[in-house]
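Quick notes on the structure that follows.
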Amino acid sequence: MQWDRGQKRDEDRIIIHFDYDAFYASVVENENPALKSVPLAIQQKQIVVTCNYEARRRGLRKLQLITEAKRVCPEAVIVLGEDLTRFRNASKDLCSFLRERMWSGRLERLGFDEVWLDCTDMIEFNHALLNKNDLERSFFCTDKDDPTCGFEYDARTVFGPTYPQYAASEGVLNEDDRRLQLRLLLGSHFARYLRHELESQKGYTATVGIATNKTLSKLVGNVNKPKNQTTLMPPLVDNNGKEGTIHQFMDAHDIGKVPGIGFKLAQKIRAHVLGRDADHEEGLVYGGTREHVTVRDVRLHATIGPDKLEEILSGPGSQKGIGGRIWDLLNGYDETEVSKVKRVPSQISQEDSYMKYLHTFEQVRQQLFLLAERLIRRMHLDTMEDDEEAGSDSTTTRRWLAHPRTLRLTTRPRPPLNADGTRVRSFNRISHSAPMPNFVFSLTEAPSVLADKLVDSTLTPMFRKLHPERNGWNLSLVNIAATNMAETAADSKDSEGRDIGRMFRRQEDVLKDFKVVESEDTAPLEGIDEIDAQLGLAEKSTMQGSDNVDDEGDWLDEEQAEVGQVYDCRTCGQRMPLFAADAHIRFHTT
DNA sequence: AGGTATCCG
DNA sequence: CGCTCGGATACCT
């Protein structure tokens, strides 16, 4: 029975959720510590995207107009933060820092400033280590291979605030709950340790939640902000007619505050709980009309259950099983795993928004160029790594971990302001995609040169397709994205990754003599058409070679044959069968 | 695969 | 609610 979903739980995990306090502002403060004591706001276009707590004390808010912010707090220091590079780098750095302290690779980022950690294994280990006769002087081991590495703590009490504020005394808990309470207690001390490490070594404070799943850990952290932590304590579930802490905690939330219930879903649920006529009688002023719908209102609603939610929420485009998933969330039930950190993002994009519209095509072209150049630089930073075994020679070799196979151009036409009230069919953004041309993966040409080519060869035609009108566009946003990442070698997701990586590296050993050395006498590549034509030729020779291999059979050894005989050109990114590689390399070097 | 919607920060 | 500048995932064709 679906209603029981919420009562039958896995309580085996210990999940910690980190939310760095006022992240963008903290990054700027760490670059310039003098700013720590003054009200500081980060500006993007005409908006304060975030501000430090000193600024909040003086009335500044997230997503406030700059004009209003200056009026409320003229003395605030305002720093432009449209270029996200420093924030992205800081986010990655903190992520690595935390990951180094984790035994499982389970660390998941959400945005730039939130991270989930699955600490179950570390808690399990240290739970087993406890001496129940001397809890006061316990030692939390943070390194599996070094028992002296870690910190002392008092395992008689939870560290920091809890929800509910006063935890149940042990006597009222059953055996399972006592065990869970102890494990959460260990989690609270580990969270304190990590927060302390983060602050002392990296200069960042965070708001932290400790619970048994992702949703609960994220929400419970908010109970004490900033620079603090909160642990959700047992008894978690209802028992003997007594309400568990999960329902107690979740019930008070507005439905829209539950992660996973966004604007659209919340609207649909509210409409149903408040009555269908609420929409209809919008014109009437109802003094007593209730605006907020809480989790409790929905959960205890006479007719609402997972099936009813499915009915309410399903429609064109809605996910299958949405009703059951939302019902689970309302019950604080969330089995989604903390995913392992990915080495390569699945998408990279660059965008800019424009207050005044782009008049001429030259202006559009200029913007496309700027975005393309930034995108190509990002592709280098985010999807390449230094080759480990470049050792012998002094040239540093870089290799692509993944190639984006698709290029997407997105624009947002500004809704025309019509005096006569005629309405524009509005979907906010429109986009067009095309295959990513291979030349952008060149390591020998400058990003600016490649960006220029990309604009001429691909982005301009894409823009023409998106906006067939010759001129007169009124765009408020342009975005270009590299998507559809195809991994070239090792992959981090499963244990196979390393093996595959090793096998590919063996192929590279075979090809070592043909490795392209970046040099001045590399012939300048002249035009896309010419490159495409030559790559076309390379493909043809591949086909012929393929026949030969099939005929000869023993051209390659078996191990290589198993891998699939793929070679990724480090210069242009072209993927080809291994036997075509040396001809291809000659194409680049002659 | 391309295009759109809905989530998240 | 959208403003920002990203990002992930799912559905639809």
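Below, chains carry the letters A, B, ... as their sequence lines are ordered, and counting in each starts from 1.
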What does [X] touch in the nucleic acid at a heavy-atom separation under 4.0 angstrom: a base, only the sugar-phosphate, or nothing?
X       : answer
S353(A) : sugar-phosphate
Q43(A)  : nothing
L65(A)  : nothing
L477(A) : nothing
E351(A) : base
V258(A) : sugar-phosphate
R88(A)  : sugar-phosphate
F23(A)  : nothing
G260(A) : sugar-phosphate

Contact under 4.0 Å: [X] side-chain N or O vs [N] OP1/OP2:
X       : N       : value
S318(A) : dC11(C) : no
S349(A) : dC5(C)  : no
R429(A) : dG6(C)  : no
K218(A) : dG9(B)  : yes
K320(A) : dC11(C) : no
H432(A) : dG3(B)  : yes

- Message: Pair Q347(A), M485(A) - check side chain to side chain contact (heavy atoms under 4.5 Å, CB included), show working.
- Response: CA-CA 7 Å; Q347(A) 182 185 123; M485(A) 293 289 177; over 6 Å; no
Atom-to-atom span, [atom1] of [X] to [atom2] of [N] - whole angstrom:
X       : N       : atom1 : atom2 : answer
E114(A) : dG9(B)  : CD    : P     : 6 Å
L265(A) : dC11(C) : CG    : P     : 13 Å
Q64(A)  : dT4(C)  : CD    : P     : 16 Å
L375(A) : dG6(C)  : CG    : C1'   : 12 Å
Q347(A) : dT9(C)  : CD    : P     : 10 Å
K465(A) : dG3(B)  : NZ    : C1'   : 13 Å
K92(A)  : dG6(C)  : NZ    : C1'   : 14 Å
F112(A) : dT4(C)  : CZ    : P     : 17 Å

- Message: I want to confirm an ordering. Mapping G317(A) and G111(A) to their closest nucleotides on DNA chain C, which one lands closer to the 5' end?
- Response: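 Going by which nucleotide is closer to the 5' end, it is G111(A).
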- Message: By nearest heavy atom, map L63(A) and I348(A) onto DNA chain C; which one lands nearer the 5' end?
- Response: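 Result: L63(A).
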Closest to side chain of [X], choosing from [options]:
X       : options                : result
R374(A) : dG2(B), dG6(C), dT4(C) : dG6(C)
P435(A) : dG2(B), dT6(B), dC3(C) : dG2(B)
F263(A) : dT4(C), dC7(B), dT4(B) : dC7(B)
N484(A) : dA8(C), dC5(C), dA1(B) : dA1(B)
K342(A) : dA8(C), dT4(B), dC7(B) : dA8(C)
Q46(A)  : dT4(B), dC3(C), dC5(C) : dC3(C)
I47(A)  : dA8(C), dC7(B), dC3(C) : dC3(C)

- Task: Taking atom P in both dT4(C) and dG3(B), compute the distance separating them and give it to the nearest angstrom.
- Result: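 24 Å, rounded to whole Å.
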- Item | Nearest-Å distance once atom P is located in both dC1(C) and dT6(B) |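 dC1(C) and dT6(B) have their P atoms separated by 15 Å.
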- Flag yes if more than 12 heavy atoms outside K264(A) fall under 6.0 Å of its NZ atom; otherwise flag no.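 Counting other residues, nucleotides and ligands, NZ of K264(A) stays at 12 neighbours or fewer.
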- Task: Using a cut-off of 6.0 Å, state whether more than 12 heavy atoms not belonging to R365(A) lie near its atom CZ.
- Result: yes
- Query: Taking the six-membered ring of F97(A) as reference, does the NZ or CZ atom of R101(A) fall below 6.0 Å from its centre and within a 45° cone about the axis?
  - Reply: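 So R101(A) does make the cation-pi contact.
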- Message: Cation-pi check for F361(A) against R464(A): NZ or CZ below 6.0 Å from the six-membered ring centre and within 45 degrees of the axis, yes or no?
- Response: yes
- Item | Ionic contact status for E373(A) with R377(A), cut-off 4.0 Å | yes
- Between F87(A) and F112(A), is the gap from one ring center to the other below 6.0 Å?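 Between F87(A) and F112(A), the centre distance exceeds or equals 6.0 Å.
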- Message: Donor-acceptor pair, distance only, cut-off 3.5 Å: does the side chain of T120(A) make one with the backbone of I14(A)?
- Response: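 Indeed, once roles are kept as given, a pair shorter than 3.5 Å links the two residues.
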